[in-house]
Amino acid sequence: TSAVIKINPKSGRILKTIFKNRNYDITALNYSEKTKNLIGAGYTDWKLRYHFFDKKFKRIYDSIKRQVQGREIHIPSTDDSENLLVVKAVGDRTRGQYYLYNDKTKSLELLLDSSPWLKEELLSEMKPIKYRSRDGLVINGYLTVPKGKLAKDLPVVINPHGGPWHRDTWRFNPQVQFLANRGYAVLQMNFRGSTGYGKKFWMSSFKQWGLRMQDDITDGVNWLVEKGIADKDRICIYGGSYGGYATLAGLAFTPDVYKCGVDYVGVSNIFTLMETVPPYWEPMREMFYEMIGHPVKEKELVKNASPLFSADRINAPLLVVQGAKDPRVKKSESDQIVAALKKRGVDVPYLVKDNEGHGFRNEENRFEFYRTMENFLDKHLKL
């Protein structure tokens, strides 16, 4: 895992390991503007955690934490004396509140609620879960169960994250809350290759698209079914970018697992993905070959990992959503899979927006996408 170390800048020699966590990467360093000293380091298990090197800031953090229980705490700024601090407290059912903390009086004054229209008591909790993959890796994730529902025999949306070298975190997620509000449990998992869990876990994803990375997702579905949380006949998979790829791979490589799928700007053909690498990705091309597979030297690996070439196995209804100006996952990725499925008579509604790129930004387009997805899920999961 990444650690906080002290090095000799001339020789590059490590002088001291200041702090590390054996399970999680250190992802944040905090400095005092007043003293110019390192005061803390942050890492994320299922929530953001801090380790403090400075007693004053440890005391301040503990005081704030007691007053905003259950929140993650961020300190974006302080005054010059570091006695007045702007604090942001965030959670899974709120976009967060800003406070002014006075260290002399140990008091918090509310400055701003980022989303006063969101009522926490009406939203659903995002809870941490973990399960083992079929080859023994611990996979961490989050389960959101609809407010007021028991975690039993529920319709479920499996929601693998994009990247894929990224991770889901405990935070307010509007898509997850939208789905939970409509009666669906949502499972997010940090499959192998997700960041924050150390180098070995990250590298275990190399050349595993559609293979062990996909197994980690399928094993999450199996875990839900074994626990009695999911109704095995009402499980859909939905994701964007790599999550869209995982949706297509799930329907193609494990066709009996999912009742339907929603592919949002997802990759269907790794060969064409490599051919259309945008200019600003060019320095990463060789690394993509190492991480995903070489389209010439490892042609069979790449072909077998591309859902397009197994499209004849996709039988479940599929909603495909694409931005026509997407520079990362070209429209041709979605065009190819839609054409292959239409040829076989598979139900494949296709939503394309000419003024969008890699993910919808226009509010009207977002409304249309979520309305379309809601109707699609309602039709195929039959709440």
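A heavy-atom distance below 4.5 Å is not found between the side chains of Thr1 and Lys199. You'll find the side chain of Lys331 reaches within 4.5 Å of the side chain of Val352, heavy atoms only. Considering only heavy atoms from C-beta on, Lys130 stays 4.5 Å or farther from Trp46 through its side chain. Under the 4.5 Å side-chain criterion, counting only non-hydrogen atoms from C-beta, Val86 is not in contact with Thr78. Between Leu108 and Leu100 there is no side-chain heavy-atom pair separated by less than 4.5 Å. Side-chain contact between Leu154 and Pro146: present, with at least one pair of heavy atoms (C-beta onward) separated by less than 4.5 Å. Considering only heavy atoms from C-beta on, Thr195 stays 4.5 Å or farther from Phe201 through its side chain. Side-chain contact between Lys299 and His294: absent, with no pair of heavy atoms (C-beta onward) separated by less than 4.5 Å.
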Tyr101 vs Ser63, side chain to side chain donor-acceptor pair (under 3.5 Å): CA-CA, chis, key distance, verdict: CA-CA 10 Å; Tyr101 178 78; Ser63 174; 3.0 Å; yes
From CA spacing to verdict: side-chain contact (heavy atoms from CB on, under 4.5 Å), Asp256, Thr254: CA-CA 6 Å; Asp256 297 328; Thr254 54; over 6 Å; no
Side chain to side chain donor-acceptor pair (under 3.5 Å) between Asn365 and Asn355, intermediate numbers included: CA-CA 9 Å; Asn365 292 339; Asn355 61 342; 3.0 Å; yes
Steps toward side-chain contact (heavy atoms from CB on, under 4.5 Å) verdict (Ile217, Ile237): CA-CA 10 Å; Ile217 297 171; Ile237 183 168; 4.3 Å; yes
Ser32 and Glu82: CA distance, side-chain angles, deciding distance, side chain to side chain donor-acceptor pair (under 3.5 Å) verdict: CA-CA 8 Å; Ser32 165; Glu82 296 185 336; 2.9 Å; yes
Verdict with supporting geometry, Arg344 and Asn315, side chain to side chain donor-acceptor pair (under 3.5 Å): CA-CA 9 Å; Arg344 294 179 42 242; Asn315 296 310; 2.9 Å; yes
Worked check of side-chain contact (heavy atoms from CB on, under 4.5 Å) between His74 and Val87: CA-CA 6 Å; His74 305 263; Val87 175; over 6 Å; no
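With hydrogens and angles left out, the side-chain atoms of Tyr197 and Asn190 include a donor and acceptor closer than 3.5 Å. Of the N and O atoms on the side chains of Thr272 and Gln336, at least one donor lies less than 3.5 Å from an acceptor on the other residue. For the 3.5 Å distance criterion, the side chains of Ser133 and Asp135 qualify, holding a donor opposite an acceptor. With no hydrogens or angles considered, no side-chain donor-acceptor pair links Tyr238 and Asp263 at under 3.5 Å.
Arg49 contributes atom CZ, which lies 13.0 Å from atom CD1 of Ile26 (distance to the nearest 0.5 angstrom).
At most 12 non-hydrogen atoms from other residues, nucleotides or ligands lie less than 6.0 angstrom from CG of Leu150. Taking a 6.0 Å sphere around CG of Asp80, one finds it holds 12 or fewer heavy atoms contributed by other residues, nucleotides or ligands. In the displayed structure, Leu122 atom CG is contacted under 6.0 Å by more than 12 heavy atoms of other residues, nucleotides or ligands. Around the NZ atom of Lys47, the shell of radius 6.0 Å holds more than 12 heavy atoms that belong to other residues, nucleotides or ligands. At most 12 heavy atoms of other shown residues, nucleotides or ligands fall within 6.0 angstrom of atom NZ in Lys379. More than 12 heavy-atom neighbours from other residues, nucleotides or ligands sit within 6.0 angstrom of CD on Glu282. Atom NZ of Lys207 has more than 12 neighbouring heavy atoms from other residues, nucleotides or ligands inside a 6.0 Å radius.
Taking the six-membered ring where tryptophan is involved, the planes of Phe288 and Trp281 are perpendicular, since the angle between them exceeds 60° and thus also 30°. Classified by interplanar angle (parallel below 30°, tilted 30° to 60°, perpendicular above 60°), the ring pair His51/Phe53 is perpendicular. Using a 30° and 60° split on the angle between ring planes, Phe19 and Tyr43 fall in the tilted class, from 30° to 60°. Tyr50 and Tyr61 have perpendicular rings, their planes meeting at more than 60° on a 0 to 90° scale where under 30° would count as parallel. Relative ring orientation between His166 and His161 is described as perpendicular, the plane-to-plane angle rising above 60° on a 0-90° scale split at 30° and 60°.
Looking at Glu290, its side chain never comes within 3.5 Å of a backbone N or O of Phe206 through a donor-acceptor pair. When atom types are taken as modelled, the side chain of Lys119 and the backbone of Pro116 share a donor-acceptor pair closer than 3.5 angstrom. Judged purely by atom type and a 3.5 angstrom limit, Ser124 uses its side chain to pair as donor or acceptor with the backbone of Lys147. No donor-acceptor pair under 3.5 Å is formed between the side chain of Gln188 and the backbone N or O of Leu143. Side chain of Ser241 to main chain of Gly163: no donor-acceptor pair is present (N/O by atom type, distance under 3.5 Å, no hydrogens or angles). Looking at Ser194, its side chain does come within 3.5 Å of a backbone N or O of Phe191 through a donor-acceptor pair. Counting only distance, with no hydrogens or angles, the side chain of Glu356 and the backbone of Lys325 share no donor-acceptor pair below 3.5 Å. Thr372 places a side-chain N or O within donor-acceptor distance of the main-chain N or O of Glu368, the cut-off being under 3.5 Å. Using a distance-only test at 3.5 Å, with no hydrogens or angles considered, a donor-acceptor pair links the side chain of Ser205 to the main chain of Trp202. Of the possible donor and acceptor atoms, one in the side chain of Asn102 sits under 3.5 Å from a partner among the backbone N and O of Lys104.
Every residue two or more places apart in sequence or in another chain that forms a side-chain contact (heavy atoms from CB on, under 4.5 Å) with Asp79 is listed here: Ser81, Leu84. Shown here are the salt bridge (Lys or Arg N to Asp or Glu O under 4.0 Å) partners of Glu374, two or more places apart in sequence or in another chain: Arg182.
Only one option out of Trp165, Tyr264, Trp209 pairs with Tyr242 in a ring-ring contact (aromatic ring centres under 6.0 Å, His included); it is Trp209. A side-chain hydrogen bond (donor to acceptor under 3.5 Å, both in side chains) with Arg134 holds for exactly one of Asp219, Asn222, Thr218; it is Asp219.
Here the shortest heavy-atom pairing between Arg71 and Gly91 reads CD-N, 4.0 Å. Smallest separation of non-hydrogen atoms from Gly261 and Phe376: O-CE2, 3.4 Å.
Hydrophobic clustering of Ile, Leu, Val, Met, Phe, Trp and Tyr side chains at less than 4.5 Å, counting indirect connections, unites Val186 with Tyr370.
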